[in-house]
Amino acid sequence: SISTEADVCRQNRPKLLVVSVMNARGVYDADSMGSSDPYVKLGFNTTPLGERYRTACKYQTRFPVWNERYLLRVPEDPECSAVVFTVWDKDTFTSHDFLGSAAISLDEIPLDGQVADVDLDIKGRITPDAAGEVCWIHPRAPSDLGKLRVQISEVGDAESEAILKTLRVGRLTRGEGTALARSVHVA
């Protein structure tokens, strides 16, 4: 059979990812008290908004620490090209404020099971094709919106089916995350 370029690309991309949203540094202070109440929405560039995962909200800080781990199945959609993170400020009485966005291309994720530990620049504007939504930041926001630290690793084909039998896709509990890390990253 003849393989197309898209077929080869799909064969050389991860099928299952472990994504850890670790922390952020220097997020925009959207609240009048000089801080924010940040949380992160994450998914793929093709993930519908209602199906994206969301971290816990961290109150009154510009330096939130989440340490939350997610198991994500990479869609077979050829348009799926990146893991997208949008950072938001939770507001009680008004709509939540967009604080910035970041993305990592699937091509940048190591396919050998190694963990990519990256500091992503939080950007003020992301196009709808990358975020799935149009996000505008406050016009008085500084050009440096901070950094988002994430860790991403691929789960090999041999392990992925066994893991999916015992774990659900989505946010992992501390125990599930520890068991997964041991089974995937420890020889």
Side-chain angles (χ1 to χ4, degrees), residues 13-28 30 36-59 61-77 79-91 95-111 114-137 145-155 160 163-164 167-174 176-178 180-181 184:
R13 63 193 258 165
K15 294 184 173 84
L16 195 62
L17 299 175
V18 176
V19 178
S20 298
V21 180
M22 304 305 293
N23 58 54
R25 296 183 312 279
V27 297
Y28 173 55
S36 288
D37 304 316
Y39 65 89
V40 176
K41 289 197 272 184
L42 65 142
F44 296 97
N45 60 305
T46 56
T47 305
L49 297 178
E51 296 176 21
R52 296 207 175 171
Y53 298 104
R54 180 178 159 172
T55 67
C57 179
K58 300 298 178 178
Y59 293 95
T61 183
R62 293 186 59 225
F63 299 88
V65 176
W66 292 285
N67 290 329
E68 293 184 20
R69 187 176 287 153
Y70 298 83
L71 182 65
L72 304 178
R73 184 190 302 264
V74 179
E76 292 186 17
D77 182 346
E79 298 296 314
C80 178
S81 61
V83 181
V84 176
F85 306 88
T86 52
V87 185
W88 296 86
D89 172 54
K90 182 178 180 182
D91 287 327
S95 61
H96 298 202
D97 299 317
F98 175 67
L99 298 178
S101 58
I104 185 168
S105 169
L106 293 179
D107 295 335
E108 296 177 48
I109 299 169
L111 294 177
Q114 296 296 310
V115 177
D117 189 346
V118 292
D119 281 326
L120 301 171
D121 288 325
I122 300 174
K123 300 179 190 273
R125 186 186 237 175
I126 191 163
T127 58
D129 60 325
E133 58 188 319
V134 179
C135 303
W136 299 98
I137 195 154
L145 297 171
K147 300 271 188 191
L148 179 66
R149 181 172 166 236
V150 298
Q151 295 176 342
I152 301 180
S153 62
E154 171 248 354
V155 177
S160 64
I163 288 169
L164 286 172
L167 297 176
R168 71 194 184 299
V169 173
R171 183 170 182 208
L172 299 174
T173 65
R174 185 176 300 273
E176 289 172 331
T178 301
L180 177 63
V184 174

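If you're wondering where the values come from, they're calculated on a predicted model, not measured in any experiment. Basis for what follows: all heavy atoms, side chains included, without hydrogens, waters or symmetry-related copies.
- In this structure, V65 and K58 have side chains that are not in contact, with every pair of non-hydrogen atoms separated by 4.5 Å or more.
- For the pair N45 (side chain) and E79 (backbone), a donor-acceptor distance under 3.5 Å is present.
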Item to check | Criterion side chain to side chain contact (heavy atoms under 4.5 Å, CB included) on V40 and W88, from CA distance to verdict | outcome: CA-CA 6 Å; V40 176; W88 296 86; over 6 Å; no
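- To the nearest 0.5 Å, atoms CG (L42) and CG (L148) are separated by 9.5 Å.
- K123 approaches F98 most closely through the heavy-atom pair O-CZ, 4.3 Å.
- Note that CZ of R62 and CZ of R25 are 12.5 Å apart. Values are rounded to the nearest 0.5 Å.
- Heavy-atom neighbours of R73 CZ from other residues, nucleotides or ligands within 6.0 Å: at or below the threshold of 12.
- Annotation: the span from S153 atom OG to I109 atom CD1 amounts to 9.0 Å, rounded to 0.5 Å.
- Closest of all the heavy-atom pairs between I122 and V27 is CD1-CG1, 4.0 Å.
- Remark: the backbone N or O of V115 is not paired with any side-chain donor or acceptor of Q151 at under 3.5 angstrom.
- Between L106 and F44 the shortest side-chain heavy-atom distance falls below 4.5 Å.
- Across all their heavy atoms, E68 and A56 have their closest contact at OE2-N, 3.0 Å.
- Among residues two or more places apart in sequence or in another chain, the salt bridge (charged side-chain N to carboxylate O under 4.0 Å, His left out) test is passed with K147 by D121.
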Next on the checklist: Between F63 and N23, does the side chain to side chain contact (heavy atoms under 4.5 Å, CB included) criterion hold? Intermediate values first, please.
Outcome noted: CA-CA 7 Å; F63 299 88; N23 58 54; over 6 Å; no
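- Classification of the Y53-Y70 ring pair by plane angle, with boundaries at 30° and 60°, yields tilted.
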Next on the checklist: Between V84 and S101, does the side chain to side chain contact (heavy atoms under 4.5 Å, CB included) criterion hold? Intermediate values first, please.
Outcome noted: CA-CA 7 Å; V84 176; S101 58; 5.5 Å; no
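- A donor-acceptor contact shorter than 3.5 Å is absent between the side chain of S36 and the backbone of P38.
- At least one donor-acceptor pair closer than 3.5 Å links the side chain of R52 to the backbone N or O of T47.
- Rounding to the nearest 0.5 Å gives a distance of 8.0 Å between CG of N67 and CZ of R149.
- Minimum heavy-atom separation, P14 to L17: CB-CD2, 3.6 Å.
- The distance from atom CG of D37 to atom NE2 of H96, rounded to the nearest 0.5 Å, is 9.5 Å.
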Checklist entry - Hey, mind stepping through L99 and L145 against side chain to side chain contact (heavy atoms under 4.5 Å, CB included) and telling me if it holds? => result CA-CA 8 Å; L99 298 178; L145 297 171; over 6 Å; no
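- Between the OH atom in Y59 and the CG atom in D89 there is a gap of 10.5 Å [rounded to 0.5 Å].
- When all heavy atoms of I152 and F85 are compared, the pair lying nearest together is CD1-CZ, 4.4 Å.
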